[in-house]
A.B. asks: 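A single structure is presented below for examination.
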Amino acid sequence: MTIQRDADPTVDADLDRASARRPRLERLTAAYGSLERRLAQPRIRRRIEIGAPVAILTLAAVARLVGLGHPHLLVFDETYYVKEGWSMWQLGYEGEWGETANERFEAGDPGALSDEADYVVHPPLGKWIIGMAMALFGMTDPFWWRLPSALAGIALVGLTYAVARGLLRSVAFASLVGFWMAIDGFAIVMSRTALLDGILAVFVLAGAGALLLDRRGSPARTVRALADRPRRFGAALWNRPWIIVAGVLLGAGCATKWSGAAFLAVFGLWIVLMDALDRRRAGYRHPWIGTLLTQAPASFVLLVGPALVVYVASFAGWFDGGWGSQLVLERADLRWGGLLAWVPLGLQSLWAYHAQQLGFHVGLTNDHAYQSPAIEWLWLGRPTGFKTLAVEDGAWWITALPNLLVWYAAVVALGFLLFHFGRTLDRRAGFLLVAIAAGYLPWLLFPDRTIFFFYAIVFLPFLIIGLALALQQLVQLRSRRPAAVGAASGAEAVAAIDADVAAAIPLPSEAAAAADAAAEVDPTLPSTDDAPVDDVEWRAAAWSIVGLLVVTSIIVAAWYLPVYYGIPLPAELIRLRFWPPTWP
């Protein structure tokens, strides 16, 4: 006997809702697919390729230039670099300032400057740059104190877009990176404050871009060199102008702040590694030994030579009266002898001065309210508060605080980059990891030194590009489409490098015939027509996640806007913006 059971109404209702949602999902997917095809049209793509960077740079300029003269005070380390920048253009070196120098300078009176040399601990190029606008337009308006830094901040956004465009091969993801840099509070505050680190970040990122341009032709160049001499062991390639450009830019970074030397060293090692891999894949005999014995010395000369010239040239004014410039001239006991006796006394004085500076930097352990060991940076243990001032109805506060959503998402993406690089050896991920390590890891070696979070601005662009690369992998996870709409996947990007090598190798007739035969479809193999090679639904969902991140990051930026610009708020609203609540 059969027992009839009533249907469960809850199950029926769930099925009805699911069936109703399905057409809606299909309509949304179809709308996304239509938009994707439209954006892929050459005419529209050309407009986007021009319009996107222009819009991003315009946004960056507005965020950095509007109200640049506020506050009419020397903020944080502007007390050093603004006055030293003015001194550089008046004396050629950093002069000493008398008592009440800050108050007099803020009032438009530079009379506290004397021609007696002051002992300073940073190279001069960044201060030359900070003083440029004051040299032209005077120092009475804080707008001119900060204009060079603001222009450097705008350039940093543009360079970040350009580097991301080259690495990710996608206008969409490069625009995402550029937009996040344009609205990032950390980048905005560093652009609106006359400090050295924002200028250093520009030189480092520009140098990295130059090295990436060198990489574009390096594999094919290596193969052609081997084709000229098939039994070549490893003769050096000297015609690499982009390495020279990188040397000039990274040397300018070192002449701004010594931490630029970490990028010069790490990028130099990266060049050697890439050259060795090129030679191995091109068929050189003993590629690693050959690279170390021939190409590595040549690359060292091409990179470090220009860097050294730029660095020493930045001290041109110092030789004429800077602190310690006459030290060896006045003290014969300090002069070098033997094989080094020929070195000019001015350069010997410069070396002695640097030895003193090194002792200062290594031994700097003064307590500061906003010091932050590098180990705390990734979770934002103590961002740098630049200025706090009480007003009648509350207070205003300026701090170098990143966009919290973008920063923490980028830190999570950093873990993905490590996994992705270990699994695929994607050279884009490897380059970003190398750059982030150069900006971050050296500070871990000095846990007792007085260190500040704002030093992290130098690797912020690479961190955000890494986040975009992770999101790009998410979008393309279930799609093997060519880069007509998006960008090439990690495997495709690596294959593109191999194609660069292969294009320079002429195939013998037999090899060409074998390649043609291999390209034919074997009719005995199962058909792949049903394979999900174009998963529009997945891309639509992934782009929805990206869009949600963008919208949320805009909300976060708007919430912390008073912290970036020093907008007065009641004390209770300021406290709501402490992150974590233990700030400041």
Side-chain angles (χ1 to χ4, degrees), residues 59-60 62-82 102-103 106 142-143 145-146 149-150 153 180-195 197-198 367-373 376-411 450-457 460 464 549-584:
L59 175 62
V62 171
R64 287 151 178 78
L65 294 176
V66 172
L68 186 60
H70 170 74
H72 197 124
L73 300 168
L74 292 168
V75 174
F76 197 57
D77 280 355
E78 282 185 339
T79 185
Y80 304 114
Y81 306 130
V82 169
N102 281 10
E103 291 79 2
E106 291 167 353
F143 181 90
W145 305 352
R146 302 176 180 129
S149 295
W180 273 336
M181 276 295 295
I183 68 168
D184 186 83
F186 188 13
I188 289 173
V189 170
M190 294 299 293
S191 302
R192 295 172 61 87
T193 312
L195 304 186
D197 296 79
D367 290 335
H368 193 283
Y370 284 100
Q371 68 187 49
S372 175
E376 298 179 355
W377 292 0
L378 297 184
W379 65 82
L380 297 178
R382 188 66 169 167
T384 311
F386 279 12
K387 193 72 176 180
T388 303
L389 191 66
V391 294
E392 182 177 353
D393 298 326
W396 58 261
W397 177 38
I398 296 176
T399 193
L401 180 67
N403 188 294
L404 297 183
L405 177 71
V406 176
W407 178 268
Y408 288 126
V411 171
T450 306
I451 294 172
F452 299 94
F453 169 75
F454 71 85
Y455 300 167
I457 187 64
L460 177 66
I464 297 180
L549 287 175
V550 171
V551 172
T552 309
S553 69
I554 294 173
I555 295 173
V556 172
W559 173 252
Y560 282 100
L561 202 66
V563 174
Y564 305 154
Y565 291 93
I567 299 174
L569 288 177
E572 58 273 14
L573 292 181
I574 286 289
R575 282 193 294 271
L576 286 177
R577 288 164 173 81
F578 290 172
W579 184 271
T582 55
W583 293 356

A.B. asks: Which atom pairs, one a donor and one an acceptor, fall under 3.5 Å between side chains of residues 68-76 and the rest of the protein, sequence neighbours left out?
C.D. replies:
unit_1: H70; atom_1: NE2; unit_2: G566; atom_2: O; d: 3.1
unit_1: H72; atom_1: NE2; unit_2: E106; atom_2: O; d: 2.9

A.B. asks: With a 4.5 Å limit on heavy-atom distance, are the side chains of W559 and L576 in contact?
C.D. replies: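 W559 vs L576: side chains touch.
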A.B. asks: Would you confirm whether D197, through its side chain, and Y455, through its main-chain N or O, come within 3.5 Å as a donor-acceptor pair?
C.D. replies: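 Such a contact is absent between D197 side chain and Y455 backbone.
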A.B. asks: How close do P383 and A400 get, counting heavy atoms only, and between which atoms?
C.D. replies: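 For P383 versus A400, the nearest heavy atoms are CB-O, 3.8 Å.
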A.B. asks: Determine the minimum heavy-atom distance between S191 and G153, stating which atoms define it.
C.D. replies: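 Answer, listing the atom of S191 first, then G153: OG-CA, 3.1 Å.
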A.B. asks: side-chain contact (heavy atoms from CB on, under 4.5 Å), that's the test. Do L460 and W407 meet it? Break it down for me.
C.D. replies: CA-CA 9 Å; L460 177 66; W407 178 268; 3.8 Å; yes
A.B. asks: Looking at every non-hydrogen atom in both residues, tell me the closest pair between L65 and A150 and how far apart they are.
C.D. replies: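 Result for this residue pair: CD2-CB, 3.8 Å.
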A.B. asks: Could you grab the distance from atom CG of L195 to atom CD1 of I457, nearest 0.5 Å is fine?
C.D. replies: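 Going from CG on L195 over to CD1 on I457, the span is 10.5 Å.
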A.B. asks: Is the Lys NZ or Arg CZ of R577 less than 6.0 Å from the centre of W397's six-membered ring, within 45° of the axis?
C.D. replies: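 No, R577 does not sit over the ring of W397.
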A.B. asks: Please check this pair: side chain of D77 against backbone of Y80, looking for a donor-acceptor N/O pair closer than 3.5 Å.
C.D. replies: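 No, the answer is negative, given that no donor and acceptor are paired below the 3.5 Å cut-off.
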A.B. asks: Between R192 (side chain) and A187 (backbone), is there a donor-acceptor pair under 3.5 Å?
C.D. replies: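 No.
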A.B. asks: Residues in side chain to side chain contact (heavy atoms under 4.5 Å, CB included) with V551, at least two apart?
C.D. replies: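 Expected list: I555.
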A.B. asks: Does the separation of the ring centres of F186 and F453 fall below 6.0 angstrom?
C.D. replies: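 Yes, ring centres under 6.0 Å apart.
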A.B. asks: Please name all residues satisfying side chain to side chain contact (heavy atoms under 4.5 Å, CB included) with L549, sequence neighbours left out, ordered by chain then number.
C.D. replies: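 For L549, the residues satisfying side chain to side chain contact (heavy atoms under 4.5 Å, CB included) (neighbours in sequence not counted) are W180, L405, L471.
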A.B. asks: For the pair N102 and T79, evaluate side chain to side chain donor-acceptor pair (under 3.5 Å) and give the outcome as yes or no after the intermediate values.
C.D. replies: CA-CA 7 Å; N102 281 10; T79 185; 2.9 Å; yes
A.B. asks: At their closest point, which heavy atom of L404 faces which heavy atom of Y560, and how far apart are they?
C.D. replies: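 Nearest heavy atoms, L404 then Y560: CD1-OH, 3.5 Å.
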A.B. asks: Taking all non-hydrogen atoms of both residues into account, name the closest pair between R146 and E78 and its distance.
C.D. replies: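 Minimum heavy-atom contact is NE-OE2, 2.8 Å.
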A.B. asks: Does any pair with a residue in residues 549-566 pass salt bridge (charged side-chain N to carboxylate O under 4.0 Å, His left out), and if so which ones, sequence neighbours excluded?
C.D. replies: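 Every candidate salt bridge (charged side-chain N to carboxylate O under 4.0 Å, His left out) pair involving residues 549-566 fails, so no pair, neighbours aside, qualifies.
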A.B. asks: How far does OG1 of T388 sit from CD1 of I574, to the nearest 0.5 angstrom?
C.D. replies: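 Nearest 0.5 Å value for the OG1-CD1 distance: 8.5 Å.
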A.B. asks: Run the side chain to side chain contact (heavy atoms under 4.5 Å, CB included) test against T450 and tell me which residues pass, sequence neighbours left out.
C.D. replies: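 Applying side chain to side chain contact (heavy atoms under 4.5 Å, CB included) to T450 gives L364, N366, H368, Q371, F452.
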A.B. asks: Quick one: does W396's side chain get under 4.5 Å of I567's, heavy atoms only?
C.D. replies: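 No, every pair of side-chain atoms sits at 4.5 Å or beyond.
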A.B. asks: Check L59, I188, V189 against R64 for a side chain to side chain contact (heavy atoms under 4.5 Å, CB included) and give me the one that passes.
C.D. replies: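 Between R64 and the candidates, side chain to side chain contact (heavy atoms under 4.5 Å, CB included) is satisfied uniquely by I188.
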A.B. asks: Can you name the side chain to side chain contact (heavy atoms under 4.5 Å, CB included) partners of E376, sequence neighbours left out?
C.D. replies: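 Partners of E376 by the side chain to side chain contact (heavy atoms under 4.5 Å, CB included) criterion, ordered by chain and then number, come out as S372, P373, W379, R382.
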A.B. asks: Counting only N and O atoms by type, is there a donor-acceptor contact under 3.5 Å from the side chain of N403 to the main-chain atoms of S553?
C.D. replies: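 Judged by distance alone, yes, a pair lies under 3.5 Å.
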A.B. asks: What is the minimum heavy-atom distance between I183 and A557, and which atoms define it?
C.D. replies: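 That closest heavy-atom pairing would be O-CB, 4.1 Å.
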A.B. asks: Report yes or no: does Y565 contribute a side-chain atom to a donor-acceptor pair with the main-chain N or O of A63 at less than 3.5 Å?
C.D. replies: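 Flag set: sc Y565 to bb A63 pair under 3.5 Å.
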